[in-house]
Amino acid sequence: MASESAPPPHSEPSPPPPPHERGASSTGDADQAWGADQTARDIAAAWERERPGTPATSIGIVTPIWQLAKLFGDDRRRVLARAGVDSATLDLLSVLRRSGAPYTLSTRELGRRSMITPGAISQRVARAEREGLVIRVPGEGRPRTVQVTLTRAGHDLVEATVDQVLGREADLVSGLAPDQQAQLTELLDVLLEDVQRRLGDGRLTQVGYD
């Protein structure tokens, strides 16, 4: 005779515990298997089924954006690691390179174009200067103005790296036809501008940047 503590004959197996309750033994392949088939549409449909009225329409947009940001960010870090440069330094050098000859900007303008704080831009400039990629000189006119100029070594590093990064990312989005890429670009611009307006936050940066 079965004990009173045994489950009923047709009881369904218990679902796995939520991530914050799982022990070390349930991580790795088990976690991947549990979430591998859970697309954004699956998640939204499950909420609508189990909790009718839940505002789940954003899941199909926000979840893929987060997933893509993680994939693109991780891949870019791998590309830059092979090139021997970090994201923050390449961003600084790229801003100077895109400014055109003589590739010189004030730290204030660098911060504005990089969309990071004055303290963060100072740290980036100091690191790049130690590596011989930029030089700093006092600016003319306003007191305490500092001008930052791309050195030959910095220019060469940008030229050697930018095609690797952008070429790789162009390949990653090549599954979309050119007209689809153009349409997605326009839609993302609209969404970004509207979300910034709703949040009252005009800052722009990239995932993982300071």
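Residue numbers start at 1 and run along the sequence shown. Here the structure is a predicted model, which means the values were calculated and not measured.
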message: With salt bridge (charged side-chain N to carboxylate O under 4.0 Å, His left out) as the criterion, how do Arg77 and Asp86 come out once you've worked through the C-alpha distance, each side chain's angles and the decisive distance to 0.1 Å?
response: CA-CA 7 Å; Arg77 279 187 286 273; Asp86 63 89; over 6 Å; no
message: Is there a side chain to side chain contact (heavy atoms under 4.5 Å, CB included) between Val134 and Leu93? Walk through the geometry before answering.
response: CA-CA 8 Å; Val134 301; Leu93 303 182; 3.8 Å; yes
- request: Give the C-alpha distance, both sets of side-chain angles, the deciding distance and a yes or no for side chain to side chain contact (heavy atoms under 4.5 Å, CB included) between Leu110 and Leu96.
  value: CA-CA 8 Å; Leu110 276 171; Leu96 287 168; 3.9 Å; yes
field: Test log, rule side chain to side chain contact (heavy atoms under 4.5 Å, CB included), inputs Gln147 and Ile135
entry: CA-CA 8 Å; Gln147 297 290 112; Ile135 57 172; over 6 Å; no
field: Derivation of the side chain to side chain contact (heavy atoms under 4.5 Å, CB included) call for Leu92 and Val125
entry: CA-CA 8 Å; Leu92 170 69; Val125 170; 4.1 Å; yes
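Although no hydrogens or angles enter the test, the distance criterion places a donor-acceptor pair under 3.5 Å between the side chain of Thr54 and the main chain of Arg51.
Pairs passing the salt bridge (charged side-chain N to carboxylate O under 4.0 Å, His left out) check and including a residue from residues 174-184, sequence neighbours excluded, do not occur.
Remark: Arg97 engages His155, Glu159 in a side-chain hydrogen bond (donor to acceptor under 3.5 Å, both in side chains) (not counting sequence neighbours). Under the rule for a salt bridge (charged side-chain N to carboxylate O under 4.0 Å, His left out), Arg41 has no partner lying at least two apart in sequence or in another chain. Applying the salt bridge (charged side-chain N to carboxylate O under 4.0 Å, His left out) test to Glu48 and every residue at least two apart in sequence or in another chain returns nothing. With sequence neighbours excluded, no residue forms a side-chain hydrogen bond (donor to acceptor under 3.5 Å, both in side chains) with Arg130.
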Contacts under 3.5 angstrom, residues 165-177 side chains, donor-acceptor by atom type, not counting sequence neighbours:
from	atom 1	to	atom 2	distance (Å)
Arg168	NE	Asp75	OD1	3.4
Arg168	NE	Asp75	OD2	2.9
Arg168	NH2	Asp75	OD1	3.0
Glu169	OE1	Arg76	NH2	3.0
Glu169	OE2	Arg76	NE	2.8
Glu169	OE2	Arg76	NH2	3.0
Ser174	OG	Asp171	O	2.6

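Using a 4.5 Å cut-off on side-chain heavy atoms (C-beta onward), Asp189 and Thr185 make contact. Residues Val148 and Leu105 form no side-chain contact, since every pair of their non-hydrogen atoms from C-beta on lies 4.5 Å or further apart.
Residue Gln180 qualifies as enclosed at atom CD: its count of foreign heavy atoms under 6.0 Å is above 12. Within 6.0 Å of atom CD in Glu193, 12 or fewer heavy atoms from other residues, nucleotides or ligands are found, so the atom counts as exposed in its surroundings.
Ion pairing between a basic and an acidic side chain is recognised when a charged N comes within 4.0 Å of a carboxylate O; Arg113 and Glu109 show such pairing. A salt bridge does not link Asp74 with Arg78: none of the charged nitrogens is closer than 4.0 Å to a carboxylate oxygen.
When all heavy atoms are compared, the tightest approach of Ser106 to Thr145 is CB-CG2, 4.3 Å.
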